[in-house]
There are 2 protein chains.
Amino acid sequence: MLMHLTPTSLPRPHSLSELGLAADFDPLIGLSEFTYRRGSEIYGEKEPAEYIYQVKSGTVRSYKLLSDGRRQINAFHVPGDVFGLTYGGNHRFTAEAVADTTLRLIKRESLTAAAENDGTLTRDLLRMTTTNLRHAEDHMLLLGRKTSMERVAAFLIEMDRRLTAAGILALPMPRRDIADYLGLTIETVSRSLSYLRELGVIRFIDNNQRHIVLVDKQQLAVFDRQN
Amino acid sequence: MLMHLTPTSLPRPHSLSELGLAADFDPLIGLSEFTYRRGSEIYGEKEPAEYIYQVKSGTVRSYKLLSDGRRQINAFHVPGDVFGLTYGGNHRFTAEAVADTTLRLIKRESLTAAAENDGTLTRDLLRMTTTNLRHAEDHMLLLGRKTSMERVAAFLIEMDRRLTAAGILALPMPRRDIADYLGLTIETVSRSLSYLRELGVIRFIDNNQRHIVLVDKQQLAVFDRQN
DNA sequence: CGGTAACTTGAATATTTTCAACGTGTGTGG
DNA sequence: CCACACACGTTGAAAATATTCAAGTTACCG
């Protein structure tokens with residue numbers, strides 16, 4: 001039987017109980033919480049994957065580097081998201097805390113072992129991997145074919161959908177991260193945001209006019225006429 | 001039985017059940033074969049996914065469109081590749097034959113049904129999905145952060161790896177497809193190829209100096225110092 | 001044989017990046 | 001508690017890169 005996928009494009013809240021683990025693991029061994037300070041590394045690219053993670057609070061960036069330092073951020077992980085799945089034995093990205101972040105850790109070993117004789121669990125892994133894939137597919141379209149304005153608008157729409165609480169969108173990541181997620185420079189991101197602000201499509205309401213933003217979703221959608 | 005389809009003649013296969021869907025099939029060994037003429041559509045974006053496919057011969061392009069016609073080709077599928085996996089019920093891309101192409105079709109329904117009580121099969125789906133994901137991840141880095149020269153070099157390296165036979169690389173797709181795969185224009189692709197040719201890194205050996213190419217992998221790698 | 005599709009090349013243009021300067025919060029150490 | 005360094009962001013101007021527009025070539029197909 002087919003499971004129904006949510007219309008979201010990034011790992012949406014997948015509770016660990018959905019992984020079929022909640023009932024039968026030892027919380028002292030299988031599951032633990034850990035807090036990472038802003039900027040600290042959670043795991044490195046090509047490192048053996050020991051755990052998978054779920055964001056309890058905070059935000060995580062996941063990225064690849066080129067040898068000369070160019071960086072492509074693949075995804076931001078916000079509360080509820082599961083990340084660090086690899087299937088193969090090694091991580092394909094570096095993951096870092098964007099802000100102070102608390103994660104739940106699950107020993108990967110116990111997970112793959114359990115998946116051996118639990119088809120439901122394997123299907124959950126498949127579903128989560130598919131969710132990641134769908135996000136990557138959409139992001140390829142953005143990176144390959146959208147203009148800077150469209151990218152920034154799409155970013156705001158995505159973040160609004162994923163982490164707006166009480167009508168308020170608080171962007172946890174600096175411009176540098178937004179730029180590296182969108183395949184742009186910080187200056188281009190800044191100019192695009194300024195332009196949207198001038199047009200009244202967005203409005204910053206925090207002290208330094210940077211992080212807390214009110215967005216007009218409908219007007220924003222005009223700047224990223226999806227597809 | 002092999003049928004030959006044109007874009008205007010018979011629609012895509014509707015009644016594969018007629019072709020004898022056995023209870024005991026191996027998903028990777030095809031049930032039925034179908035031939036698509038160059039340029040014809042295999043399935044459309046958002047269409048319900050009825051089959052998954054394996055390329056027997058030919059090449060397939062998989063892409064998304066923006067409303068104004070901008071196109072991002074996500075992947076090329078060459079002989080041996082399996083494509084059209086969706087997990088969810090609908091295709092997320094349009095797939096077309098780049099050249100005349102023969103595919104093996106597997107009814108998706110029977111596959112997911114079989115996966116219900118076959119953990120090995122589900123793990124195979126997970127593995128294939130992970131392979132797609134890894135490719136998408138690498139392609140995001142290319143689209144977001146690489147220069148046009150690096151993209152073209154990376155493309156040639158990828159194609160050399162995937163479809164070189166007897167030291168000869170025959171590119172089945174036109175420049176337009178290469179451009180839409182790499183997030184560039186045809187002119188930029190053409191100029192990059194010309195430059196590599198001038199430098200002696202590649203050499204076209206077919207009559208019209210376009211499709212059959214000898215590549216110096218080592219020199220090429222210099223232009224896409226991977227990561 | 002003529003029309004067309006595909007490709008290449010050149011020149012002008014557009015977009016984004018780079019370089020540079022400057023502002024503003026924040027947090028730390030004196 | 002203040003001063004000051006620093007990280008972060010914005011804006012302007014110059015430069016680089018890729019795109020767009022245009023013209024011309026070649027192979028292929030009917």
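Just so it is clear: chains get the letters A, B, ... in the order the sequence lines come, proteins before strands, and each one is counted from 1. All of these numbers come straight from a predicted model, not from anything done at the bench.
Aromatic ring centres of A:F83 and A:Y53: separated by under 6.0 Å.
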Show me the protein contacts with nucleotides 17-20 of chain D, counting only N or O atoms at under 3.5 Å.
unit_1 : atom_1 : unit_2 : atom_2 : d
D:dA18 : OP1    : B:S148 : N      : 2.8
D:dA18 : OP2    : B:S148 : OG     : 2.8
D:dT19 : OP2    : B:T185 : N      : 3.2
D:dT19 : OP2    : B:T185 : OG1    : 3.1
D:dT19 : OP2    : B:T188 : OG1    : 2.5
D:dT20 : O4     : B:R191 : NH2    : 2.8

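Within residues 59-70 of chain A, no residue has any heavy atom under 4.0 Å from DNA chain D.
Within the 3.5 Å criterion, the main-chain N or O of B:P174 finds no donor-acceptor partner in the side chain of B:R210. Side-chain atoms of B:S190 do not come within 3.5 Å of backbone N or O of B:T188 as any donor-acceptor pair.
Atom CZ of A:R197 and atom P of D:dG9 are 13 Å apart (whole Å). Atom C1' of nucleotide D:dC8 and atom CD of A:Q209 are separated by 15 Å, given to the nearest angstrom. Atom CZ of A:R176 and atom C1' of D:dC8 are 10 Å apart (whole Å). One can place CG of A:L171 at 14 Å from C1' of D:dC8, the figure rounded to the nearest angstrom.
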Problem set entry | B/S/- contact track for nucleotides 25-30 of chain D, protein heavy atom under 4.0 Å | --S---
For this session: Please test A:R108 against A:E50 for salt bridge (Lys or Arg N to Asp or Glu O under 4.0 Å), starting from the C-alpha separation and ending with a verdict.
Result: CA-CA 5 Å; A:R108 187 171 167 279; A:E50 260 198 280; over 6 Å; no
Problem set entry | salt bridge (Lys or Arg N to Asp or Glu O under 4.0 Å) evaluation trace for B:D180 with B:R70 | CA-CA 8 Å; B:D180 286 346; B:R70 281 173 288 174; over 6 Å; no
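Each end of the helix from C:dC1-D:dG30 to C:dG30-D:dC1 gets its own rotation axis from five pairs of C1' atoms, and the angle between them is 30° to the nearest 10 degrees.
In the displayed structure, A:Y87 atom OH is contacted under 6.0 Å by more than 12 heavy atoms of other residues, nucleotides or ligands. Residue B:R162 places its CZ atom among more than 12 non-hydrogen atoms of other residues, nucleotides or ligands, all under 6.0 Å distant. The environment of B:N207 atom CG is sparse: at most 12 non-hydrogen atoms of other residues, nucleotides or ligands sit within 6.0 angstrom. Summarising the local packing, CZ of B:F204 is surrounded by more than 12 heavy atoms from other residues, nucleotides or ligands at distances under 6.0 Å.
The aromatic rings of B:F34 and B:Y36 sit tilted, their planes meeting at an angle between 30° and 60°. Note: A:F155 and A:F76 have perpendicular aromatic rings, judged against thresholds of 30 and 60 degrees for the angle between ring planes.
In the 5' to 3' direction, nucleotides of DNA chain C lying under 4.0 Å from heavy atoms of chain B begin and end at C:dA6 to C:dA11.
The CZ atom of A:F223 sits 10.0 Å away from the OG1 atom of A:T147 when rounded to the nearest 0.5 Å.
Cation-pi contact between A:R71 and A:Y63: present, with separation from the ring centre below 6.0 Å and deviation from the ring axis of at most 45°.
Listed by first and then second residue, the salt bridge (Lys or Arg N to Asp or Glu O under 4.0 Å) pairs involving residues 185-205 of chain B amount to none (not counting sequence neighbours).
Side chains of A:E158 and A:H139: no donor on one and acceptor on the other come within 3.5 Å.
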